[in-house]
Amino acid sequence: TAILYRVMQSIDDIKNQAKFGLAVLDAQNLLDMKALQVGLTARLGSGQIDIDTWVKLDSKYEGIIQGLKDRLAEHGWEEKSDGTMDLVRLNSHVTEARAAIESLKAKSVRHGNIAALVEKRIDAGHYMRTI
C-alpha cells in the first residue's frame with residue numbers, strides 16, 4: 001500500500017509567502033537599526049565618537065529606519081507602542097538611551113541639543129515601538 005500526497009501552491013500563495021518573509025526581515029531590521037541608533041548615542045556620551053560623526057551616522061540611521069517603516073506600512077504592518085515583540089530588548093534600549101542623555105547633558109551645548117533630541121524620541125516611543 002502506498003499513499004501519495006501532492007501539495008500544490010498557487011503562484012499567488014508563493015508570492016504572499018515571500019512578501020510575508022520580507023516583512024518579517026524588515027521588522028527585525030527595524031529593531032536592529034534602533035539598537036544601533038541607541039548605541040551610537042551611547043558612544044557619543046562616552047566620548048568614543050565626536051558630534052559630527054554622530055550627526056552624520058544618526059541621519060543615515062534615521063533614513064534607513066524611515067525606509068523600513070515605509071516598507072512595513074506597504075505590507076500593512078503598523079507600529080504599536082503596546083506590543084510585546086522583543087519588549088525586554090526595547091526596554092534596555094530606553095535605559096541605555098537615558099544613561100547616554102545624562103552623560104551628554106554634562107557636556108557642551110551641542111551635546112545638550114543631541115540629548116534633547118534623543119529625549120524627544122524616547123517620549124514619542126521611538127525606541128519602544130514594535131511591529
Side-chain angles (χ1 to χ4, degrees):
T1 304
I3 300 173
L4 299 173
Y5 290 97
R6 184 173 183 185
V7 177
M8 297 177 64
Q9 287 183 303
S10 72
I11 300 241
D12 288 338
D13 287 341
I14 293 169
K15 287 179 182 177
N16 286 336
Q17 285 178 346
K19 285 180 184 177
F20 180 77
L22 289 174
V24 169
L25 287 173
D26 283 343
Q28 185 60 51
N29 287 337
L30 178 63
L31 292 173
D32 292 343
M33 287 306 302
K34 288 180 179 183
L36 284 174
Q37 198 173 40
V38 169
L40 185 67
T41 303
R43 288 175 55 205
L44 176 64
S46 68
Q48 294 175 4
I49 60 173
D50 62 16
I51 291 177
D52 294 331
T53 302
W54 184 92
V55 169
K56 178 181 166 188
L57 291 175
D58 185 72
S59 176
K60 186 183 289 187
Y61 292 175
E62 193 60 29
I64 293 169
I65 287 170
Q66 190 56 52
L68 289 167
K69 286 179 179 182
D70 292 345
R71 284 203 314 247
L72 285 166
E74 289 173 12
H75 291 293
W77 293 29
E78 59 184 65
E79 284 192 295
K80 300 174 186 170
S81 58
D82 60 348
T84 58
M85 180 180 173
D86 220 350
L87 199 55
V88 171
R89 181 176 166 201
L90 292 171
N91 278 327
S92 71
H93 292 338
V94 170
T95 302
E96 187 179 354
R98 287 196 191 283
I101 287 171
E102 292 308 313
S103 66
L104 290 173
K105 285 181 180 178
K107 297 183 183 211
S108 72
V109 173
R110 286 185 70 198
H111 285 87
N113 291 340
I114 291 171
L117 171 66
V118 173
E119 205 157 21
K120 283 181 187 176
R121 287 178 180 167
I122 291 172
D123 291 344
H126 178 75
Y127 301 114
M128 287 299 296
R129 294 191 186 279
T130 60
I131 304 296

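No hydrogens, no waters, no symmetry mates; every other heavy atom, side chains included, goes into these values. Positions are given from 1 along the sequence.
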Can you give me the closest heavy-atom contact between [X] and [Y], atom names plus distance?
X	Y	result
E96	A42	OE2-CB, 3.5 Å
G45	S103	CA-OG, 3.3 Å
K19	H75	O-CE1, 3.6 Å
V118	A97	CG1-CB, 4.1 Å
S46	K107	C-NZ, 4.4 Å
M33	Y61	CE-CD2, 3.6 Å

**Q.** Neighbour count above 12 (heavy atom, 6.0 Å) for I11 CD1
**A.** no
Once rounded to the nearest 0.5 Å, what's the spacing between atom [atom1] of [X] and atom [atom2] of [Y]?
X	Y	atom1	atom2	answer
L104	E119	CG	CD	10.5 Å
D26	E74	CG	CD	9.5 Å
T41	H111	OG1	NE2	11.0 Å

Are the side chains of [X] and [Y] in touch, meaning some heavy atoms are under 4.5 Å apart?
X	Y	answer
V38	K34	no
E62	S59	no
L44	D58	no
L68	R71	yes

Q.
For a side-chain hydrogen bond (donor to acceptor under 3.5 Å, both in side chains) check, start with the C-alpha distance between D70 and Q66, then their side-chain angles and the critical distance, and finish with the verdict.
A. CA-CA 6 Å; D70 292 345; Q66 190 56 52; 3.0 Å; yes
Q: Using a strict 4.0 Å threshold on nitrogen-to-oxygen distance, state whether R110 and D52 make a salt bridge.
A: yes
Q | ILVMFWY network linking L117 to V55, side-chain heavy atoms under 4.5 angstrom | A | yes
Q: Check the hydrophobic clustering (I, L, V, M, F, W, Y; side-chain heavy atoms under 4.5 Å; chains of links allowed) and say if I65 and V24 are grouped together.
A: yes
**Q.** Verdict with reasoning, I64 to N29, per side-chain contact (heavy atoms from CB on, under 4.5 Å)
**A.** CA-CA 9 Å; I64 293 169; N29 287 337; over 6 Å; no
